[in-house]
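Scope of the values below: all heavy atoms of this structure, side chains included, with no hydrogens, waters or symmetry mates.
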Amino acid sequence: MIRTFAFDVGETLVRDDRYWASWADWLNVPRHTLSALVGAVVARGQDNAEALRLLQPGIDLRSAYQAREEAGRGEYLDETDVYEDVRPALSALRDAGARVIIAGNQTVKAAGLLRGLDLPADLIATSGEWNAAKPSPAFFERLVAEAGVPAEEILYVGDHPQNDVFPARAAGLRTAHLRRGPWGYLWADDPTVVDAADHRIDSLMQLVPLAAH
């Protein structure tokens, strides 16, 4: 039985369009150029941040992030960033008696922005708050502790095989791979992903029947 549904954030609950567009503008390159480089690193199976390092080798991402914040061009989220199926799916899961957790690789500030959206969730947390980032086992250990149920009763939902599906499965959680965003679409039919994912979905609404079992 699945008692807790835990969700990744970027390209699972919210679009990354604004995130990458803001980085392109900050680095003064066409948005299409950065989008294409993100696609290239996705195809290689690399971390998304490698796209920024291709544009500016040796970039100190922490310092660049801080500079953007100080210039008033930092992180931002509003309702237009949220995918249309998020609110109805998360609400339906809670109505069915399941606990809903949002936990992804985001900053402390992003956690506040997510809470400001008033999403239907029992807990919202980020790697910045936990001082542990996916795919580290420590992230999933914290997630299991916060859920308060055995790992096998938690379903982790995400688009990213290396950050979501594989490490969650290794930690004993059940997994759902979402065909959404660059990672989700490109790796949806990869044999290793097919083998590792307990469920493969195109919409979060497909999770709702699982809460009744």
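- S63 OG to Q66 CD: the interatomic distance, rounded to the nearest 0.5 Å, is 8.5 Å.
- At a threshold of 4.5 Å between side-chain heavy atoms, the hydrophobic network of Ile, Leu, Val, Met, Phe, Trp and Tyr places L119 and F7 in one connected group.
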**Request:** Carefully, step by step, assess F140 and Y156 under the rule ring-ring contact (aromatic ring centres under 6.0 Å, His included).
**Result:** CA-CA 10 Å; F140 293 96; Y156 194 78; 5.5 Å; yes
**Item:** Stepwise side-chain contact (heavy atoms from CB on, under 4.5 Å) check, I2 with E153
**Value:** CA-CA 5 Å; I2 301 172; E153 295 182 8; over 6 Å; no
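- The distance from the OG1 atom of T175 to the CZ atom of R200 is 11.0 Å, given to the nearest 0.5 Å.
- V9 is connected to L204 through a chain of hydrophobic side-chain contacts under 4.5 Å among Ile, Leu, Val, Met, Phe, Trp and Tyr, so both are in one cluster.
- At most 12 non-hydrogen atoms from other residues, nucleotides or ligands lie less than 6.0 angstrom from CG of N28.
- Annotation for L143 and A103: closest pair CD1-CB, 4.4 Å, computed over non-hydrogen atoms.
- Linking ILVMFWY residues whenever their side-chain heavy atoms come closer than 4.5 Å, directly or via other members, places V149 and F139 in the same cluster.
- Sorted by first and then second residue, the ring pair (Phe, Tyr, Trp, His ring centres under 6.0 Å) pairs with a member in residues 46-91 form an empty list; sequence neighbours excluded.
- Residues T12 and R180 bring no donor and acceptor atom of their side chains to less than 3.5 Å of each other.
- Residues E11 and R15 are not paired through a salt bridge, judged by the lack of any N-O separation under 4.0 Å between the basic side chain and the carboxylate.
- In terms of heavy atoms, A132 sits closest to S127 at O-CB, 3.0 Å.
- Listed here is the closest heavy atom pair of P161 and P167: O-CD, 3.7 Å.
- Atom CD1 of I102 is separated from atom CG of L90 by 5.5 Å, given to the nearest 0.5 angstrom.
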**Message:** Between L117 and V82, is the side-chain contact (heavy atoms from CB on, under 4.5 Å) condition met? List the steps.
**Reply:** CA-CA 9 Å; L117 293 173; V82 181; 3.8 Å; yes
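- Under the 4.5 Å side-chain criterion, counting only non-hydrogen atoms from C-beta, R87 is in contact with P120.
- In this structure, the side chain of D164 engages the main chain of D159 through a donor-acceptor pair within 3.5 Å.
- Closest non-hydrogen pair, A98 versus A211, comes out as CB-CB, 4.4 Å.
- Of all the heavy atoms in A121 and R94, the pair that sits closest is N-NH1, 3.4 Å.
- Separating the CG atom in L114 from the CD1 atom in I124 is a distance of 6.0 Å, to the nearest 0.5 Å.
- Between R73 and D25 there is no salt bridge, since none of the side-chain N atoms of the basic residue sits less than 4.0 Å from a carboxylate O of the acidic one.
- A donor-acceptor contact shorter than 3.5 Å is absent between the side chain of H177 and the backbone of A197.
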**Prompt:** What do the steps show when you test K109 against E69 for side-chain contact (heavy atoms from CB on, under 4.5 Å), and what is the final call?
**Reply:** CA-CA 10 Å; K109 179 180 179 180; E69 291 292 331; 2.7 Å; yes
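- Judged purely by atom type and a 3.5 angstrom limit, E129 uses its side chain to pair as donor or acceptor with the backbone of T126.
- In E79, the CD atom is crowded: over 12 heavy atoms of neighbouring residues, nucleotides or ligands sit closer than 6.0 Å.
- Contact between V208 and A89 at its shortest, heavy atoms only, is CG2-O, 4.2 Å.
- Under the 4.0 Å criterion applied to side-chain N and carboxylate O atoms, R18 and D81 are assigned as salt-bridge partners.
- There is a side-chain donor-acceptor pair under 3.5 Å between T107 and E75.
- Using modelled atom types, one side-chain atom of D122 and one backbone atom of V100 make a donor-acceptor pair closer than 3.5 Å.
- Taking a cutoff of 4.0 Å between a charged side-chain nitrogen and a carboxylate oxygen, D17 and R31 do not qualify as a salt bridge.
- How far CZ of F5 is from CG of L207: 6.0 Å, rounded to the nearest 0.5 Å.
- In this structure, V193 belongs to a hydrophobic cluster whose other members, linked by side-chain heavy atoms under 4.5 Å apart, are Y19, W20, W23, W26, L27, V29, L34, L37, V38, V41, V42, L52, L54, L55, I59, L61, V165, F166, W183, L186, W187.
- Atom-to-atom distance recorded for I154:CD1 and T4:OG1 is 5.5 Å, nearest 0.5 angstrom.
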**Request:** Output, in order, the C-alpha distance, side-chain angles, deciding distance and verdict of side-chain contact (heavy atoms from CB on, under 4.5 Å) for R68 and S22.
**Result:** CA-CA 9 Å; R68 285 183 52 194; S22 64; 2.7 Å; yes
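- L173 and L93 fall into different hydrophobic clusters, where Ile, Leu, Val, Met, Phe, Trp and Tyr are joined by side-chain heavy atoms under 4.5 Å apart, directly or via other members.
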